[in-house]
Amino acid sequence: MSRFFATGSDSESESSSEEEQVQRAPAAAFTFSEDEEDTKRVVRSTKEKRYGEITNIIKLIRNYKKIKDMSCMLSSFEDLMKAYQKALPVVSKEENGQTPRFYVRCLVEMEDFINEVWEDREGRKNMSKNNSKSLTSLRQKLRKYNKDFEEDIAKFRENPDLDDDEDEKKGDDGDSDDDDKPSDFKKQDSGAPDVSSFKKGAPDDGSESDSDWGSSSDSESSSSSDDDKPAHVGPDYFRKHKEGADDEAKPVKKEHRKDRKEKDRKKKREEDDGLGEWKVVPGSAVAEKPKMFVKDDEINIVAVLKKLAEILAARGKKRTDRRERIELLHELQSISDSHNLGPAVSVKIKFSIISSIFDYNPKVSDAMKPEYWTKLLDRITEMLNLLLATNDIVIAESVPEDEEEFEKVPYKIHGCVLTLVERLDEEFTKLLKECDPHSNEYVERLKDEKSVASVIDKVQEYLERVGTPSERCRVYLRKIEHLYYKFDPTVLKQKDGEIPADTVTSVKVMEKLCKYIYSHDETDRLRTRAILSHIYHHALHDNWFQARDLILMSHLQETIQHSDPSTQILYNRTIAHLGLCAFRHANIKDAHGCLLDLMMTGKVKELLAQGLLPQRQHERSKEQEKIEKQRQMPFHMHINLELLECVYLVSAMLIEIPYMAAHEFDARRRMISKTFYQQLRSSERQSLVGPPESMREHVVAASKAMRNGNWSACNNYIINEKMNAKVWDLFYQADKVRDMLTRLIKEEALRTYLFTYSYVYDSISMPSLAEMFQLTRPVVHSIISKMIINEELMASLDDPSETVVMHRSEPSRLQSLALQLTDKVSNFVDSNERIFEMKQGNFFSRGNQGNFRDRQNYNRQGQDWGRNRRDRDRNREENRNY
């Protein structure tokens, strides 16, 4: 029927919806196309429109969350923020400035979901690159965005089960639930307007329940009476309908509304889970809990041990609850203690509890949870206190399980305390690696090292009483590994005489433990690790000669490549500290030699197990990377890499700059330090060199100043506030290190000055040199004498006048270039002669049928050629000296 007619048709073929159609206002005088005439316009408020956009995006986000599509989830979250920004005027007007609860629920769900995905490291590794990148961006944006809703989120988390519409403003009849629904006008299936929807609070799920709209018989009767209705439905009809229906439907509507709320909650839970409600499958096999003792049962040692075996029998089975197993063992422990069944039974149960806590973590590579770590420490401490309190308990692996004794003294228990402590130490290392090293959590976890060291001391005391030498060696090594990297200031105070010589220091404890391992260990690995730890500890406390002699006598540098990776890492750490110790003792060549092998590779971080370099293409697989991460050292055991590099570069500068000055025109000059040369060359390539900023730039600038003999500028580049904060203040007794470094810079700058400018002087006054470089005259005399003895400087000393007389044996620059050209020409001639002689030799001996006399002549020619070459070399040396 055309919509331009005001009344309906009397034809029986027309539907009831057309008969009930409300009379519309006269249409505006606009022309519409045929498509526009067919479409039905729906008028929606701004609130419905804005909230509709937000709810649609939230549905999309929940769908992407189910399939873990982070890229689409990120884009939808950005759309959600924009949509909420548009809806802010509506929110401030309708919600009195309060954030809608359904919006807060979405933010909380996203936050929980992203945190769960972020903590799942294995799952993140399997993600695509795009998804992983989107996850990182989404996490950062969501954390930043949620800061504006912190109060709303906290309020939501206090009562998350509350429905999204329950915190809205309620009316007298409790009918304000549907205020934020997208539409206030719902259509029936027949297409007619829903009369009841004009009342505020009417249910909007038309097909949800038959009771909302009456039974099918009611609908039939109403449809049968449609013929009696007038063709024109006016406002009087609605007024009559409302007055007659309100009084009857009010109590019924409230019940319907409650039913609908329950259905909405159920539906929402199903949408959130994506799997519907949980159902119990009748045929599934559920592991039953082992029952504790019946009320009338006699509780004795046999019954408790039987119940213990019953609980332990579930270990490793499917559907076994590890948490429940630990709780049952604790309950059994309390029963045993309450009935005084003896220390042996208590130790046995505690041993089982400790093993169960270790088994709780399914992945060996991951660290256990902090709460179980605390339980583990407590149970091990309690068990060791029981073992140390009596001499009647023997716990060892050599005791078979069927020969355990719990009733008679001596008690015998199958087990190994040492293995538990070693596993405890490994778990402690894993916990430290899991924490962020720059957070308070790491500091709190590091405090547990005191408890771990106390446990090791108790095991040491127990094994010194009943253990074998091999077990004592193992527990001694565990104690050494917690001691060798720790600095003890009392050692240096004892050297200076500030404290008595009989004071027990960490060096004496290390020496005692290591000597026992040296003499009783039957495996090379424990002895090797003990030697390396001993050297490390000596080097840390400036015992240079003891550390040097120990590493030279052990010959570890020849066999370390055959050791396991963790021992090689310990070797690298020991060599690094040995180099630092040599530097503090002013043994520059030894320090440079120790650090050279580490720095030349460019992988110092990996060699010291302090992190992994960025992965190159096909360099390492995921399994290799996982293994290498397990070998990393905890952060508190790291060696400062910038300190190492600075010490290496300064040592190279003090060796290399005088050598370069002495062999400036030597064509066959060799490089002592490749890394130092690279730094110099990269600085020379720069067209404009500004003031130094980084540590490397400071060393390069100091090298250039030393090359010119300017020791004060060199010293200022090496020792200043910036370098002190970065490097030198990290040393113990930093002032002594700085004084030593200044002295070395003066001495090497003097040598460089003499090498560079000796051909300019006829003679040099030693007092003038001493004043120029601020050195004492005996030191200047000693340096110049050594240079003359080693034939580095062609000069002689005149003691009465205190001058250095130059012999002018050094060639000028033109003479040096001429000598280089002569050397190259002679090398070229020698190579040509060698090629020609090789051809002659082949001619005489082709086919292996040469003449014996020809061979003799060839050998004689070779001897003459060698003699002539030696004569030429001798003449060349004489000309150079002249």
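Index from 1, following the sequence. Hydrogens, waters and symmetry mates are skipped; everything else that's a heavy atom, side chains included, is used.
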| side-chain hydrogen bond (donor to acceptor under 3.5 Å, both in side chains) partners for Asp152, two or more places apart | Thr99
| said: Could you check whether any side-chain N or O of Gln610 sits under 3.5 Å from a backbone N or O of Lys605, counting only pairs where one atom can act as donor and the other as acceptor? | reply: no
| Listed by chain and number, what are the side chain to side chain contact (heavy atoms under 4.5 Å, CB included) partners of Asp112, not counting sequence neighbours? | Val108, Arg157
| request: Test Val117 against Arg139 for side-chain contact (heavy atoms from CB on, under 4.5 Å), laying out the working first. | output: CA-CA 10 Å; Val117 175; Arg139 182 170 177 262; over 6 Å; no
| said: Going by the rule side chain to side chain contact (heavy atoms under 4.5 Å, CB included), which residues pair with Lys458 if we only count those two or more places apart in sequence or in a different chain? | reply: Thr381, Leu384, Asn385, Leu388, Ser454
| Stepwise side-chain contact (heavy atoms from CB on, under 4.5 Å) test for Glu628 and Arg631 | CA-CA 5 Å; Glu628 289 184 9; Arg631 294 174 183 152; 4.2 Å; yes
| With no hydrogens and no angle check, is any side-chain donor or acceptor of Ser334 less than 3.5 Å from a backbone partner on Glu331? | yes
| said: So, using salt bridge (Lys or Arg N to Asp or Glu O under 4.0 Å) as the criterion, who are the partners of Glu697 when residues are at least two apart? | reply: none
| field | Expected output: side-chain Arg124 to main-chain Leu135 donor-acceptor under 3.5 Å | value | no
| request: Can you sort out the partners of Asp378 under salt bridge (Lys or Arg N to Asp or Glu O under 4.0 Å), two or more places apart, ordered by chain and number? | output: none
| note | Correct closest heavy-atom pair for Cys72 and Asp69 would be SG-OD2, 3.1 Å
| request: Could you pull out the closest heavy-atom pair between Ser356 and Leu329, with the gap in Å? | output: OG-CD1, 3.1 Å
| query | Which heavy atom in His638 sits nearest to a heavy atom in Ala609, and how many Å separate them? | reply | NE2-O, 4.4 Å
Please list every donor-acceptor pair under 3.5 Å in which a side-chain atom of residues 439-446 meets a protein atom from a residue at least two apart or in another chain.
unit_1 : atom_1 : unit_2 : atom_2 : d
Ser439 : OG     : Asp436 : O      : 2.7
Tyr442 : OH     : Phe635 : N      : 3.0
Tyr442 : OH     : His636 : N      : 3.1
Tyr442 : OH     : His636 : ND1    : 3.0
Glu444 : OE2    : Lys447 : NZ     : 3.2
Arg445 : NH1    : Asp448 : OD2    : 2.8

| message | Less than 4.0 angstrom from a charged side-chain N to a carboxylate O is my criterion; do Lys430 and Glu434 meet it? | response | no
| request: Taking all heavy atoms of Met110 and all of Leu142, pick out the closest pair and write down the distance. | output: C-CD2, 3.7 Å
| Is a side-chain N or O of Asn146 found less than 3.5 angstrom from the main chain of Phe149, in a donor-acceptor match? | no
| If you measure from CD1 on Ile61 to OG on Ser75, what distance do you get to the nearest 0.5 Å? | 9.0 Å
| Sidechain-backbone polar pair: Arg322 side chain, Asp359 backbone, donor-acceptor under 3.5 Å | yes
| query | Mind checking whether Phe77 and Tyr145 have parallel, tilted or perpendicular rings, split at 30° and 60°? | reply | perpendicular
| field | Atom CD of Glu371: over 12 foreign heavy atoms under 6.0 Å | value | yes
| said: For Leu483, give me all partners under side chain to side chain contact (heavy atoms under 4.5 Å, CB included), at least two apart in sequence or on another chain. | reply: Ser506, Val509, Met510
| message | Within this structure, what is the NE2-CD distance for the pair His698 and Glu693, rounded to the nearest 0.5 Å? | response | 9.0 Å
| said: Taking salt bridge (Lys or Arg N to Asp or Glu O under 4.0 Å) as the definition, give me every residue that meets it alongside Lys155, ordered by chain and number, with sequence neighbours left out. | reply: none
| request: Tell me, please, which residues at least two apart from Arg478 pass side-chain hydrogen bond (donor to acceptor under 3.5 Å, both in side chains). | output: Asp425
| said: Working note: Arg423 + Ile354, criterion side-chain contact (heavy atoms from CB on, under 4.5 Å); need CA distance, chi angles, decisive distance, verdict. | reply: CA-CA 11 Å; Arg423 181 80 185 273; Ile354 293 167; over 6 Å; no
| Hey, what do you get for CG (Leu431) to CD (Glu449), rounding to the nearest 0.5 Å? | 12.5 Å
| query | Which heavy atom of Leu138 sits nearest a heavy atom of Met73, and at what distance? | reply | CD2-CG, 4.1 Å
| task | Find the distance between CE (Met695) and CG (Leu643) and round it off to the nearest 0.5 Å. | result | 9.0 Å
| Sequence neighbours excluded, which residues qualify as side-chain hydrogen bond (donor to acceptor under 3.5 Å, both in side chains) partners of Glu422? | Arg474
| request: For Ala576 and Leu608, work out which heavy atoms get closest and say how close. | output: CB-CD2, 4.5 Å
| said: Just to verify, what does Glu53 make a side chain to side chain contact (heavy atoms under 4.5 Å, CB included) with, not counting sequence neighbours? | reply: Lys49, Arg50, Ala83
| note | Applying side-chain hydrogen bond (donor to acceptor under 3.5 Å, both in side chains) to Asp337 and not counting sequence neighbours gives Gln333
| task | In sequence, state the C-alpha distance, the side-chain angles, and the governing distance for Ile357 and Trp373, and then conclude on side-chain contact (heavy atoms from CB on, under 4.5 Å). | result | CA-CA 8 Å; Ile357 294 175; Trp373 166 254; over 6 Å; no
| Which distance, rounded to the nearest 0.5 Å, do you find between the OH of Tyr372 and the CD of Glu427? | 14.0 Å
| field | Rounded distance (nearest 0.5 Å) linking atom CE of Met633 with atom CZ of Arg573 | value | 4.0 Å
